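Working notes, beginning with the structure itself.
Naming convention: chains lettered A, B, ... in sequence-line order (proteins, then strands); numbering from 1 in each chain. Just so it is clear, the structure is predicted and the values come from calculations on it, not from any experiment.
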Amino acid sequence: MPGCPECVSACVCSDQIWLVYKGHPMQQFLAAQAASSNSSSPAPPPPPLRSRPTRREPQQSVNKEAAAMADEQQELTRAFSGLGGLGVEETALVSALGRWRKQPEKRASFRRGFPGFFSPAPTASGGAITIERCEDEYVRHLKTEFSRFKNLMVLWAMHPWERDARWAHRALHKHKKHQGSGCILVELACTRSAEELLGARRAYHALYSRSLEEDVAYRLKETEHAGLLVGLVAAYRYEGARVSEDLATEEANAISAKPGNNEVLARVLATRSKPQLRATFRIYREIHGKPLEEDLIAVGGICLQEAVRCLDAPAKYFGEVIAGAFKEGADKQAKAALTRVVVSRSEADMEEIKEAYVKQHGAKLVDAVAKNTHGHYRDALLAMIGK
Amino acid sequence: MATLTVPSSVPAITDDCEQLRKAFQGWGTNEALIISILGHRDAAQRRAIRRAYAETYGEELLRSITDEISGDFERAVILWTLDPAERDAVLANEGAKKWHPGSPVLVEIACARGSGQLFAVRQAYHERFKRSLEEDVAAHVTGAFRKLLVPLVSSYRYEGPEVNTRLAHSEAKILHEKIEHKAYGDDEIIRILTTRSKAQLLATFNHYNDAFGHPITKDLKADPKDEFLKTLRAVIRCFTCPDRYFEKVIRLAIAGTGTDENSLTRIITTRAEVDLKLIKEAYQKRNSVPLERAVAGDTSGDYESMLLALLGKE
């Protein structure tokens, strides 16, 4: 283990961190930190939104100065890694900058106390002097966390149509292998109004010299969802409230008759108007006693399931996407989804999303966001979510 | 291109409305007057006339027309007077409800219109029928045709001239392969035909011809009775040579005993402001007879006069 001679007592390398490294050192470190911060009780009233885990080192009372430094390092660690949340705590970073000016040894000990992110690397002069170099993974991680605020602002400034077109393009071209890409397209196609979807398709023409359905069909041609996604993306649904109960019953029966056959369902989902579809889902629930999504889980069509959820109750769907970003072990796509949902829905149905979130998770959305994000990113999100 | 002739000094809209009103009033109808006015106004003028007529007389112009005249003449005048997008919406609605395999109406609307125009048709369809076009097509069309026609009417193709040659080569190869295996309803064929831009498709078909020595439509003639192949050929021809495609439809409508008035009316009213002149030239070339003469020989009365007016007769 990397030696840290002068700061054995002060650095954060308490026993629990030196676990057997199964995964990447950084992930292990983060997991350990998360564990230590979750397992300890919250500190006495800290400055708002920056809770510090209590330190477990037995020497803390012994060396008060060392403890203070450990405290600062914890803050900095937290601020830098966005532990337990998204974004970085810019104010803490800047104040650490100020406090540690002209004290390179403090920075050095911070780096040494951060073993997941910095590892010792011998310099050219024969390994006698080592520096703590940044892990590449950590640099990428930092970039992501720091740029959350930037991404949010850039997206906020764009026209909604351009936003949607860019998300669709990225989903198709960058995240092709990831199953989340299909979900982004389903989200765009099903939660936007007919005019918004048309606008997004126009923007796609202008930006990429291709039509959206062309790219969807081409990029997803080997997968089973190709037909469904092209249909969803090309739809121009009637926007009136007219609903035919007979038709809804007929289609609910048609769907039940062939539960494994996705063609009927794909056709219905891609062409009927939203109020008509909701009637169909309602009747399906009445006939079978459980919602259509549940039956679709069994059949395994994840895109179909997403489509049904988005069309039936978009606010609830968005609430779940947001909650997914806060979960332990959420991946990059899930976290990026937070920005996407808040920016795209802040002027649309944010109120309904807040209500649905409270119902689903028992906590208010603003509280959850405040707890799980940091810095300017957090402030921007809260501003977009509103009171 | 267009055969519609509009007089160089167009009377004021109020005059037109007055004349039309007079044509409807009293015993009988002055059909010649109707033809001489409506048959010589372009889409914008017709729209203005309809608006002014409704404001002045409190009644829709189309309503007056249906009350006063009937039969093929009425259908021709009504279809002609409508806005192009509305007209296509009405035709599409009919085409979907009365669909049978081999029915060409939906294919024509989806492929022989520009991307933006097709979207205008979908919007007009919403307003008029309170449902979406793809909904009705999906509900009334069955089988492999549905897999082809629903994406075809929902497409919003890119309209630019950019062509990816490599892609054209590879997609021509894919088409050839699928056709060789007689997999005419294959997903790939449908994908290419229903999503690629017009310029890209033309490049693909050209490359098909270059690489395999004959046009793609030739390979789709394996079975003359197969309606799906007929539909595929119609799709391709509407893209590559719309004037010859429409010439053929008209030729088949006129030829032999009896006349298919619906097809004749449809083509003439929808193409009079677009490319009816080219269709006339193609007809002359193929049949050695001017189209006006053929139409006059096969139709009569006011219906004939209306069609001839739209064909450009003074």
Side-chain angles (χ1 to χ4, degrees), chain A residues 189 194-195 197-244 247 250-251 254 263-277, chain B residues 96 110 115-116 118-144 146-164 167 170-171 174 186-201:
Chain A
E195 290 301 324
L197 184 54
L198 168 61
R201 289 164 81 180
R202 288 211 177 108
Y204 200 96
H205 279 197
L207 287 168
Y208 305 111
S209 304
R210 287 278 225 338
S211 64
L212 176 55
E213 57 267 26
E214 199 176 334
D215 274 353
V216 171
Y218 185 59
R219 295 257 149 199
L220 298 174
K221 65 178 169 176
E222 300 299 315
T223 68
E224 51 172 306
H225 336 289
L228 170 70
L229 281 172
V230 173
L232 286 176
V233 145
Y236 185 56
R237 298 178 203 269
Y238 176 58
E239 296 256 281
R242 210 167 79 156
V243 168
S244 153
L247 184 61
E250 190 190 314
E251 295 196 325
E263 218 194 290
V264 173
L265 190 53
R267 167 174 67 81
V268 168
L269 288 179
T271 55
R272 296 293 176 201
S273 72
K274 290 183 190 170
Q276 181 72 38
L277 283 172
Chain B
S115 212
L118 179 57
F119 219 95
V121 173
R122 291 166 84 182
Q123 281 169 324
Y125 200 97
H126 274 201
E127 276 173 35
R128 203 171 165 108
F129 299 104
K130 312 290 181 226
R131 273 192 308 277
S132 63
L133 172 57
E134 54 266 29
E135 221 177 314
D136 279 346
V137 172
H140 290 99
V141 178
T142 54
R146 180 159 70 200
K147 250 176 45 169
L148 173 65
L149 286 176
V150 172
L152 209 57
V153 304
S154 330
S155 64
Y156 187 43
R157 298 177 202 262
Y158 176 60
E159 296 211 86
E162 289 91 332
V163 166
N164 179 334
L167 197 59
S170 73
E171 296 201 324
I174 294 175
D186 188 82
D187 285 340
E188 282 290 280
I189 297 189
I190 293 181
R191 173 182 69 80
I192 294 173
L193 288 180
T194 59
T195 59
R196 292 296 177 203
S197 74
K198 185 164 166 192
Q200 183 70 33
L201 276 179

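Counting heavy-atom pairs closer than 4.5 Å to chain B, the top-ranked of the candidates Ser211(A), Ala194(A), Ala234(A), Ser209(A) is Ser209(A). Contact tally against chain A (heavy-atom pairs below 4.5 Å) for Ser154(B), Ser197(B), Ser155(B): the top residue is Ser154(B). Most heavy-atom pairs under 4.5 Å with chain B: of the set Gln276(A), Arg202(A), Glu239(A), Glu213(A), this distinction falls to Glu213(A). The choice from Glu127(B), Arg146(B), Glu162(B) that makes the most heavy-atom pairs within less than 4.5 Å of chain A is Arg146(B). Counting heavy-atom pairs closer than 4.5 Å to chain B, the top-ranked of the candidates Arg272(A), Arg242(A), Glu214(A) is Glu214(A).
Summarising the geometry, atom CZ belonging to Arg131(B) is positioned 10.5 Å from atom OG belonging to Ser273(A); distances are rounded to the nearest 0.5 Å. Of the inter-residue distances, the one linking Arg237(A) atom CZ with Arg122(B) atom CZ reads 11.0 Å to the nearest 0.5 angstrom.
Contact between Thr195(B) and Ala217(A) at its shortest, heavy atoms only, is CG2-CB, 4.0 Å. The shortest non-hydrogen separation linking Ala138(B) to Thr271(A) is CB-CG2, 4.0 Å. Smallest separation of non-hydrogen atoms from Tyr156(B) and Arg201(A): CB-NH2, 3.1 Å. Shortest non-hydrogen contact noted between His205(A) and Arg157(B) is CE1-O, 3.0 Å.
Only the side chain of Glu195(A) comes within contact range of chain B, judged by heavy atoms closer than 4.5 Å. Contacts of Leu167(B) with chain A are made by side-chain atoms alone, with heavy-atom separations under 4.5 Å and no backbone atom involved. In this structure, chain B has heavy atoms under 4.5 Å from both the backbone and the side chain of Arg210(A). Within the 4.5 angstrom heavy-atom criterion, only backbone atoms of Phe129(B) (N, CA, C, O) approach chain A. Contact annotation for Ala235(A): both backbone and side-chain heavy atoms come within less than 4.5 Å of a heavy atom of chain B.
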field: Verdict with supporting geometry, Gln123(B) and Leu198(A), side-chain contact (heavy atoms from CB on, under 4.5 Å)
entry: CA-CA 11 Å; Gln123(B) 281 169 324; Leu198(A) 168 61; 4.3 Å; yes
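His126(B) and Tyr238(A) have perpendicular rings, their planes meeting at more than 60° on a 0 to 90° scale where under 30° would count as parallel.
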